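Below is one structure; the comments refer to it alone.
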Amino acid sequence: ESQKDASRLAQYDSLTGLANRHRMGKRLNATLTAYQSAKRCCAVMMMDLDRFKIVNDTLGHPAGDELLKQVAQRLERILPDKSFEIGRLGGDEFQIMLPDIDDRGRLGEIAKSVITMISQPYQIEGSRCVIGASVGIAIAPYDGIGAEELVRSADLALYASKGGGRGQFRFYSSDLHSEA
């Protein structure tokens, strides 16, 4: 039983129950390796919460932890497809792996629904909290073949979306790499 617990802790975030950075990296690597020879695609969304630090600073870290749990629950509700892997990489940073999707219209709709749902008010310890989300999207094999390259591309798109005023999503484009 304790070995099962240790194995679970090694792959899942103890706060939210979502996959952790280690598991997300392994899953993305395995998926991209398998998909490369089959000429299949895979999208990655990096999501960061807007105004999360304010919640931690004003209501305290326990409130921030509760907020992260509620965000995780909302993500699991909006993204019920079992082929999607949702992970918390640390802090207020989340990653979503979407196998076999390269349609920018569909990915844009998914990103919009994630941003809309995450931006709805939360009830935390009797207080109403309003945060937002910014999303960066990269698609393999166009924006990267390996897991590290694809995540870097999604990260650059995330920074561009935050820089553009938050509460929005951006797709990776090569000009983001040149700017960085």
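Model, not experiment: these values are computed from the prediction.
Residues meeting the side chain to side chain contact (heavy atoms under 4.5 Å, CB included) test with Asp102, sequence neighbours left out: Cys41, Ile139, Tyr142. Listed by chain and residue number, nothing satisfies the ring pair (Phe, Tyr, Trp, His ring centres under 6.0 Å) test with Phe52 (two or more places apart in sequence, or in another chain). Shown here are the side chain to side chain donor-acceptor pair (under 3.5 Å) partners of Ser127, two or more places apart in sequence or in another chain: there are none. Residues meeting the salt bridge (Lys or Arg N to Asp or Glu O under 4.0 Å) test with Glu93, sequence neighbours left out: Arg21. Scanning for salt bridge (Lys or Arg N to Asp or Glu O under 4.0 Å) contacts around Glu148 gives Arg152, with sequence neighbours left out. Checked against ring pair (Phe, Tyr, Trp, His ring centres under 6.0 Å), Phe94 has no partners two or more places apart in sequence or in another chain.
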Would Ile137 and Val44 count as a side-chain contact (heavy atoms from CB on, under 4.5 Å) here? Give the steps.
CA-CA 6 Å; Ile137 307 166; Val44 167; over 6 Å; no
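Counting only residues at least two apart or on different chains, the salt bridge (Lys or Arg N to Asp or Glu O under 4.0 Å) pairs with a member in residues 54-68 are Lys53-Asp57. Applying the salt bridge (Lys or Arg N to Asp or Glu O under 4.0 Å) test to every pair with at least one member in residues 29-40, sequence neighbours left out, gives these pairs: Arg40-Asp100. Within the structure, side-chain hydrogen bond (donor to acceptor under 3.5 Å, both in side chains) contacts touching residues 24-34 (residues at least two apart or in different chains) are Arg27-Glu85. Among residue pairs with one or both ends in residues 112-133, those qualifying as salt bridge (Lys or Arg N to Asp or Glu O under 4.0 Å) are Glu109-Lys112; sequence neighbours excluded.
The backbone N or O of Leu89 sits nowhere less than 3.5 Å from a side-chain atom of Asn20 that would complete a donor-acceptor pair. Of the possible polar contacts, none joining the Ser153 side chain to the Tyr172 backbone as a donor-acceptor pair under 3.5 Å is found. Distance alone, capped at 3.5 Å, places no donor-acceptor pair between the Arg170 side chain and the Gly136 backbone. Between the side chain of Gln70 and the backbone N or O of Gln123 there is at least one donor-acceptor pair closer than 3.5 Å.
Rounding to the nearest 0.5 angstrom, the gap separating the CG atom in Leu49 from the CD1 atom in Ile54 is 12.0 Å. Atoms CG and OG, on Asp143 and Ser173 in that order, are 8.5 Å from each other to the nearest 0.5 Å. For the atom pair Leu75 CG and Phe84 CZ, the distance stands at 12.0 Å (nearest 0.5 Å).
In terms of heavy-atom proximity, Arg88 sits nearest to Gly91 at NE-O, 2.9 Å. Considering all non-hydrogen atoms of both residues, Leu107 and Met45 come closest at O-CE, 3.4 Å. Cys42 and Leu32 make their closest contact through CB-CD2, 4.0 Å (heavy atoms, listed as atom of the first residue, atom of the second, distance). Smallest separation of non-hydrogen atoms from Asn56 and Gly64: OD1-CA, 3.3 Å. Leu18 approaches Ala72 most closely through the heavy-atom pair CD1-CB, 3.6 Å. Between Met117 and Ile78 the shortest heavy-atom distance is CB-CD1, 3.3 Å.
When the side chains of ILVMFWY residues are joined at heavy-atom separations under 4.5 Å, either directly or via intervening members, Phe171 and Met47 end up in a single hydrophobic cluster. The cluster map of Ile, Leu, Val, Met, Phe, Trp and Tyr, joined by side-chain heavy atoms under 4.5 Å apart, puts Ile101 and Met97 in different clusters. Using a 4.5 Å cut-off between side-chain heavy atoms of Ile, Leu, Val, Met, Phe, Trp and Tyr, with links allowed through other members, Ile86 and Leu67 fall into the same hydrophobic cluster. Taken together through direct or relayed side-chain contacts under 4.5 Å among Ile, Leu, Val, Met, Phe, Trp and Tyr, Ile118 and Ile124 form part of one hydrophobic cluster. Put simply, Leu59 and Tyr122 are part of the same group of oily side chains (I, L, V, M, F, W, Y) that touch within less than 4.5 Å, one to the next.
With a 4.5 Å cut-off on side-chain heavy atoms, Tyr35 and Pro99 count as touching.
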Report all side-chain donor-acceptor pairs from residues 154-166 shorter than 3.5 Å, counting only partners two or more places apart or in another chain.
unit_1: Ser161; atom_1: OG; unit_2: Val135; atom_2: O; d: 3.3
unit_1: Ser161; atom_1: OG; unit_2: Leu158; atom_2: O; d: 3.1
unit_1: Ser161; atom_1: OG; unit_2: Gln168; atom_2: O; d: 3.4
unit_1: Lys162; atom_1: NZ; unit_2: Asp48; atom_2: OD2; d: 2.9
unit_1: Lys162; atom_1: NZ; unit_2: Asp50; atom_2: OD1; d: 2.9

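Cluster note: Ile145 groups with no other residue, as no ILVMFWY side-chain heavy atom lies under 4.5 Å from it.
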